Amino acid sequence: MSATAQPEVVTRFAPSPTGFLHIGGARTALFSWLYARHHDGRFLLRIEDTDKARSTGAAIEAILEGMRWLGLDWDGHEYYQSQFAARHAEVANDLLARGHAYRCYMTAEELSAGRERAQAERRPYRVESPWRERSDGDADRPFVVRLKAPREGETAIEDRVQGRVVVQNGELDDMVLLRSDGSPTYMLAVVVDDHDMGVTHVIRGDDHLNNAFRQLGIIRAMGWPEPVYAHVPLIHGQDGAKMSKRHGATGVMDYHELGFLPEALSNYLLRLGWGHGDEEIISREDAVRWFDLDHVGKSPSRFDTKKLENLNGHYIREADDGRLAGLVAPRVAPLIGRDLSTAEIELLVRAMPELKPRAKTLNELAENTTFLYRSRPLDFEEKAAQLLAGEAPRLLARAWAALNALDEWSALATEAAVRSTAEVAGVKLGQVAQPLRAALTGRATSPGIFDVLALLGREESLARIADRMDGAE
RNA sequence: GGCCCCAUCGUCUAGCGGUCUAGGACGUCGCCCUUUCACGGCGAAAACACGGGUUCGAUUCCCGUUGGGGUCACCA
């Protein structure tokens with residue numbers, strides 16, 4: 001270790017396993033990850049499972065899956081908060097012993113009565129326990145351990161994102177540290193774990209800013225070093241309210257399901273609330289190189305699916321054809337009612353250069369490939385059927401004849417044949433090409449028609465055309 | 001409601017007292033390319049919430065108003 005070494009940066013992501021990895025959580029995880037990587041520090045993952053009733057193993061798996069999908073690797077093993085209960089109690093008892101906490105014997109009824117009274121008198125509610133100054137409680141009765149928070153003065157936080165934030169201590173109440181069953185609350189657990197894990201920078205959602213003041217109470221009472229705080233603004237839905245279920249897809253894996261690439265979501269999330277000049281397309285490498293807390297915006301930002309789609313389209317175009325085929329094949333299967341064979345996947349790879357510029361999601365891409373795998377007779381969408389009416393069958397017959405006479409079957413060769421067919425028939429290329437597209441794909445839109453011809457191959461192409469041409473001629 | 005936070009085009013943002021007739025991106029609308037749809041290229045419309053200060057000078061600093069958001073558990 002060199003003499004000039006800065007203290008190591010340690011960040012963490014601490015989700016509670018009560019559901020999937022939320023899009024907002026994913027972004028704070030991304031920021032924490034980026035900050036640690038930028039500073040050659042460590043990024044830790046801690047599962048906050050102190051609420052045994054709501055935590056599930058499935059949720060833990062879902063969160064880890066989301067993290068892995070986004071490429072947010074954590075250092076070391078993941079920590080489970082519930083395993084540190086004894087340590088949490090130890091800290092609470094230490095606080096108790098040193099007079100920074102007290103046993104509170106207030107009943108649930110007393111608590112709610114106080115709350116209702118405050119409500120009726122229209123004044124802010126704050127727990128005021130008579131036990132704060134008493135120590136003559138009956139140890140046989142249930143009690144909780146509360147922090148004896150300072151009443152005078154104020155507490156300030158120098159937040160790396162929000163700036164200096166000050167709260168009057170009188171606003172803070174004596175929060176519960178240990179529940180009546182002896183289990184630790186979140187407030188106690190986070191602080192103890194962050195300290196024990198050596199976390200130097202607490203980067204989390206803005207909704208925790210108020211908690212930070214309470215947590216500082218514990219930190220100071222214990223005489224521990226205060227972490228650097230960075231409370232990043234929340235992500236809002238289109239209506240400007242905190243993103244939630246009713247905004248539709250809010251889970252990271254929902255976006256996987258919808259056909260988004262992880263690098264697209266990641267790039268999008270990075271740009272939401274953070275910017276680096278005019279840069280829009282940012283690689284992971286550049287993100288690590290450029291990321292800093294100073295440029296994190298202070299206001300919440302709205303989630304814009306259109307921009308995400310645009311980014312996704314970009315990354316799809318950039319993606320390797322083989323990789324895309326691997327991702328798309330499973331999405332094609334349900335559309336055609338069977339799995340793709342090895343040969344068909346190879347065809348998908350070959351078709352990819354023509355297919356990928358035309359899709360914004362993998363699902364759209366899958367949808368656009370089905371013409372390659374459908375069996376005759378094709379079914380035709382409305383617009384395609386229209387293209388096959390009128391003169392089309394007659395023109396198709398002429399095109400068929402020209403194509404059938406070809407020695408070589410390539411995009412170049414078929415193009416020459418179709419062009420001359422149109423010329424000889426005295427019509428514009430489109431008048432032949434459009435019916436051809438409809439006959440070959442069943443759709444009114446598709447990749448370039450000569451590429452379609454080449455991809456489908458001579459036999460299948462001629463057969464599909466024959467199905468729709470005027471046999472009399 | 002108390003407390004806390006926020007405020008540049010419809011959206012994401014650049015801007016960190018003069019370089020701003022405010023830049024980029026998405027979206028929207030034109031045009032070009034073109035057998036369709038995309039991709040790509042070119043162009044257009046589009047913002048400093050309002051009112052006071054401070055200053056020679058405010059988008060940038062301060063205060064207020066308005067608007068928006070967050071938070072007020074023996075949940076995390």
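Proteins come first, then strands; the chains are lettered A, B, ... in the order of their sequence lines, and each starts at number 1. Predicted model only: the values in this text are computed from it and were never measured. All values below come from the heavy atoms of this structure, side chains included, with hydrogens, waters and symmetry mates left out.
Between the side chains of Asp181(A) and Ser183(A), at least one donor-acceptor pair of N or O atoms lies under 3.5 Å. Residues Arg374(A) and Thr370(A) have side chains that bring a donor and an acceptor to within less than 3.5 angstrom of each other. No hydrogens or angles considered: nothing links the side chains of His276(A) and Asp292(A) as a donor-acceptor pair under 3.5 Å.
For the pair Arg271(A) and Ser180(A), nearest-nucleotide mapping onto RNA chain B gives the more 5' position to Arg271(A). Mapped onto RNA chain B by nearest heavy atom, Met106(A) and Arg302(A) fall at different nucleotides, with Arg302(A) at the one closer to the 5' end.
Contact annotation: Arg317(A) reaches the phosphate of G40(B) (side-chain N/O to OP1 or OP2, under 4.0 Å). OP1 and OP2 of C3(B) both lie 4.0 Å or more from every side-chain N or O belonging to Arg126(A). Distances shown here put every side-chain N or O of His276(A) at or beyond 4.0 Å from the OP1 or OP2 atom of U13(B). Applying the 4.0 Å criterion to OP1 and OP2 of G69(B), one finds that Ser299(A) has every side-chain N and O outside that range. Side-chain N/O atoms of Arg419(A) include one lying less than 4.0 angstrom from OP1 or OP2 on U35(B). In this structure, Thr50(A) reaches the A76(B) phosphate: one of its side-chain N or O atoms is under 4.0 Å from OP1 or OP2. Checking the phosphate oxygens (OP1, OP2) of G27(B), a side-chain nitrogen or oxygen of Asn310(A) falls inside 4.0 Å. Between Lys307(A) and the phosphate of U11(B), there is no side-chain N or O to OP1/OP2 separation shorter than 4.0 Å.
A45(B) and G10(B) have their P atoms separated by 14 Å, given to the nearest Å. Nucleotides A7(B) and G51(B) have their C1' atoms positioned 15 Å apart, rounded to a whole Å. For the P atoms, the distance from C9(B) to A14(B) is 13 Å, rounded to whole Å. Atom P of G15(B) sits at a distance of 15 Å from the matching atom of G23(B), rounded to the whole Å. One C1' atom belongs to U71(B), the other to A76(B), and the distance between them is 14 Å to the nearest Å. Spacing between U59(B) and U19(B) at atom C1', rounded to whole Å, works out to 14 Å. C6(B) and A49(B) are spaced 13 Å apart, taking the C1' atom of each and rounding to whole Å.
Atom CD in Glu367(A) sits about 16 Å away from atom P in A38(B), given to the nearest Å. Taking atom CG of Asp278(A) as the reference point, atom P of G23(B) lies 11 Å away to the nearest angstrom. A straight line from CD of Glu279(A) to P of G15(B) spans 13 Å, rounded to a whole angstrom. Straight-line distance from the NE2 atom of His236(A) to the P atom of U13(B): 11 Å, rounded to whole Å. Residue Glu109(A) contributes atom CD, which lies 13 Å from atom C1' of C74(B) at whole-angstrom precision. At whole-Å resolution of the value, CG in Asn210(A) and P in G2(B) are 15 Å apart. Atom P of nucleotide A73(B) and atom CG of Leu177(A) are separated by 16 Å, given to the nearest angstrom. Between the P atom of U35(B) and the CD atom of Glu423(A) lies a distance of 14 Å, rounded to the nearest Å.
Note on Glu48(A): only backbone sugar-phosphate atoms sit closer than 4.0 angstrom, heavy atoms only; bases stay farther off. Note on Leu272(A): only backbone sugar-phosphate atoms sit closer than 4.0 angstrom, heavy atoms only; bases stay farther off. Gly273(A) comes within 4.0 angstrom of the backbone, heavy atoms only, and of no base. Phe450(A) comes within contact range of at least one nucleobase, with a heavy-atom separation under 4.0 Å. Pro233(A) comes within 4.0 angstrom of no nucleic acid atom, judged by non-hydrogen atoms across all strands. Leu234(A) comes within contact range of the sugar-phosphate backbone alone, with a heavy-atom separation under 4.0 Å but no base atom that close. Met187(A) comes within 4.0 angstrom of a base, heavy atoms only. Within the 4.0 angstrom heavy-atom criterion, only backbone atoms of the sugar-phosphate kind lie near Val166(A); the bases stay farther away. Backbone-only engagement by Lys360(A) is indicated by non-hydrogen atom pairs under 4.0 Å involving sugar-phosphate atoms exclusively. Within 4.0 Å (heavy atoms only), His314(A) reaches no atom of the nucleic acid at all. At the heavy-atom level, Val144(A) lies under 4.0 Å from base atoms of the strands shown.
In this structure, A58(B) forms no base pair with any nucleotide, since neither Watson-Crick nor G-U wobble geometry is met with both distances under 3.5 Å. Here C3(B) sits opposite G70(B) as a Watson-Crick or G-U wobble pair (both hydrogen-bonding atom distances under 3.5 Å). When both pairing distances are held under 3.5 Å, C26(B) makes a Watson-Crick or G-U pair with G10(B). Base pairing annotation: C39(B) forms no Watson-Crick or G-U wobble pair, as no partner gives both donor-acceptor distances under 3.5 Å. Across all strands shown, C16(B) remains unpaired; no Watson-Crick or G-U wobble contact has both distances below 3.5 Å. For A49(B), the paired nucleotide is U65(B), the pair qualifying as Watson-Crick or G-U wobble because both relevant distances are below 3.5 Å.
With C5(B), U36(B), A76(B) as the candidates, the nucleotide lying closest to the side chain of Arg437(A) is U36(B). The side chain of Gln434(A) lies closest to U35(B), out of G24(B), C5(B), U35(B). The side chain of Arg146(A) has C74(B) as its nearest neighbour among A38(B), C74(B), C26(B). Taking the side chain of Pro300(A) as heavy atoms from C-beta on, and the options C6(B), A76(B), A25(B), the nearest nucleotide is C6(B). Which of A76(B), U36(B), A25(B) sits closest to the side chain of Thr445(A) comes down to U36(B). Of the candidates C12(B), A76(B), U71(B), the closest approach to any side-chain atom of Ser301(A) belongs to C12(B). Set against A76(B), C3(B), C6(B), the side chain of Gln162(A) has C6(B) as its closest nucleotide.
Donor-acceptor pairing under 3.5 Å, judged by distance alone, is absent between the side chain of Ser446(A) and the base of C37(B). Remark: the Asn211(A) side chain and the A76(B) base include a donor-acceptor N/O pair separated by less than 3.5 Å. Checked by distance alone, Arg358(A) brings a side-chain donor or acceptor within 3.5 Å of a matching partner on the base of C37(B).
Partner Tyr229(A) forms a side-chain contact (heavy atoms from CB on, under 4.5 Å) with one of His208(A), Arg204(A), Gln162(A) and no other, that one being Arg204(A).
Both tests pass for Arg468(A) against the ring of Phe380(A): distance under 6.0 Å to the centre and angle within 45° of the axis.
Ring orientation note: the planes of Phe303(A) and Tyr255(A) are tilted relative to one another, at an angle of 30° to 60°. Between Phe84(A) and Tyr79(A), the ring planes lie tilted relative to each other; the angle falls in the 30° to 60° range.
Here the two rings, on Tyr105(A) and Trp131(A), have centers that are under 6.0 Å apart. Phe13(A) and Phe43(A) have their aromatic ring centers separated by at least 6.0 angstrom.
Within a 6.0 Å radius of CH2 in Trp400(A), other residues, nucleotides and ligands contribute 12 heavy atoms or fewer.
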